[in-house]
A.B. asks: 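Just dropping this structure here.
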Amino acid sequence: MNKTDIKSMTIAEIEELLSSMGEPRFRAVQIFDWLQSGVESFDEMTNISKKLRESLKETCYIATVKIARRFESKIDGTVKYLFELCDGEYIESVFMKYEHGYTVCISTQVGCRMGCSFCASGLLGLSRNLTASEMLSQIMVASRDNGVRISNVVMMGMGEPLDNFENSIRFLQLVSYEKGLSIGLRHISLSTSGVVSGIEKLKEYNLPITLSISLHAPNDKIRDSMMKVNKKWNIDALLKACREYQKVTTRRISFEYALIEGVNDSEQCADELAKRLKGIMCHINLIPANPVKENTFRKPDKNKILKFQKLLISKGLNATVRRTLGADIEASCGQLRRKGGIDGADLQ
Ligand code: SAH
Ligand code: SF4
């Protein structure tokens with residue numbers, strides 16, 4: 001029998017579960033509190049009767065992630081985790097210290113099927129989606145391991161969150177619970193490679209999260225060469241969806257632009273980009289491309305990056321260059337893997 005993933009359930013769902021077991025519904029809140037506080041076994045639920053704990057053990061499981069490896073950056077204290085999941089799969093997550101608090105970059109899938117040419121996460125394709133409980137657990141374990149409260153989350157690790165829509169939404173519903181992680185939606189960013197159908201669905205929820213769009217190119221010719229998803233939804237379709245999303249949510253959209261030498265870093269690209277984003281209330285995050293050993297692309301030199309940024313600013317756009325964190329432990333954007341970077345190949 002497949003056991004139920006109780007840590008992904010809402011209070012109402014746990015109530016239903018209890019009533020189907022002939023147990024009182026009011027226990028649901030207690031169980032939910034325990035799960036969201038990060039317990040890893042039913043026996044830790046000390047205000048629940050032993051009998052009920054035993055019945056729960058028979059039908060349900062509590063999802064956890066185990067630290068398989070931990071890499072700490074000597075440069076900036078960033079910590080990258082290789083987590084082992086209950087079924088033996090692996091994912092990576094990153095813990096970062098910012099001036100405004102602690103942030104965890106979580107994975108949303110084991111691998112990714114979007115196949116962007118510059119990214120390590122998709123190299124082995126998609127193995128499976130992560131559950132909401134596995135997304136929560138990455139934050140819980142990173143918080144416990146570092147002994148701090150996490151105040152911000154970015155859904156920018158391995159995987160495409162909008163290709164795992166239901167679980168990502170469920171995660172967003174659970175993460176702000178005040179007796180649990182208590183992370184407000186305003187402190188969460190969801191990054192997508194441009195899954196337009198997902199952006200349209202997300203719009204209906206009208207959440208105060210920050211939507212980040214991995215744009216990376218000012219025209220379809222360049223974007224087609226970098227991202228397969230552009231063949232399905234081109235830049236016009238993507239930006240139309242962004243405009244409509246903004247109309248409903250009134251939230252500023254963040255555009256990510258990974259600068260790759262000789263590919264998308266020319267003055268003409270900056271010019272074209274500024275024109276295309278006209279009328280969208282947005283912020284542009286320039287990311288100097290991070291190395292992926294299977295690839296040969298490089299980031300432009302510092303001056304070229306600053307010139308690109310200046311050009312965007314001169315056109316009235318709000319553009320910043322993202323600080324690279326965890327460069328010595330392969331913990332930067334697009335470097336997360338299913339088996340762990342840095343000598344991770346021995347993990348089979
Ligand atoms: N799948 C989602 C979220 C995870 S990727 C998405 O693509 O948006 C997080 C960010 O890292 C994305 O903007 C992605 O395009 C970027 N990225 C991927 N590989 C990179 C690389 N080698 N250098 C810099 N950024 C990269
Ligand atoms: Fe997947 Fe995002 Fe990497 Fe593209 S950039 S392969 S969508 S994780």
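Numbers for residues simply follow the sequence, beginning at 1. Order of listing sets the numbers, starting from 1, for every ligand and every atom in it. Bear in mind the structure is a predicted one, so any value in this text is a computation, not a measurement.
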A.B. asks: Quick one: which of Ser121, Gly159, Gly122 has a heavy atom closest to atom 2 (Fe) of ligand 2?
C.D. replies: Gly159
A.B. asks: Check whether any heavy atom of Gly157 sits under 4.0 Å from an atom of ligand 1.
C.D. replies: yes
A.B. asks: Hydrogens and angles aside, do Ser41 and Glu44 bring a side-chain donor and acceptor to less than 3.5 Å of each other?
C.D. replies: yes
A.B. asks: Kindly confirm or rule out an N or O of Gly159 lying under 3.5 angstrom from an N or O of ligand 1.
C.D. replies: yes
A.B. asks: Taking both backbone and side-chain atoms into account, decide whether Cys119 has an N/O/S atom under 2.8 Å from atom 4 (Fe) of ligand 2.
C.D. replies: no
A.B. asks: Consider only side-chain N and O atoms of Ser107 and Glu92, and report whether a donor and an acceptor are under 3.5 Å apart.
C.D. replies: no
A.B. asks: Is the shortest distance from a heavy atom of Ala289 to ligand 1 less than 4.0 Å?
C.D. replies: yes
A.B. asks: Could you tell me if Ser133 and Asp5 have a donor-acceptor pair between their side chains, going purely by distance under 3.5 Å?
C.D. replies: yes
A.B. asks: Restricting to N/O/S atoms, is Cys112 within less than 2.8 Å of atom 1 (Fe) of ligand 2 or not?
C.D. replies: yes
A.B. asks: Could you establish whether Gly334 and ligand 2 come within less than 4.0 Å of each other, counting only heavy atoms on the residue side?
C.D. replies: no
A.B. asks: Looking only at side-chain N and O atoms, does Asn206 offer a donor or acceptor that is under 3.5 Å from a partner on Thr249?
C.D. replies: no
A.B. asks: Do the charged groups of Lys7 and Glu40 touch, with an N to O distance under 4.0 Å?
C.D. replies: no
A.B. asks: Would you check whether Pro161 has a nitrogen or oxygen atom less than 3.5 angstrom from a nitrogen or oxygen atom of ligand 1?
C.D. replies: no
A.B. asks: Relative to atom 15 (O) of ligand 1, which among Met114, Met158, His216 owns the nearest non-hydrogen atom?
C.D. replies: His216
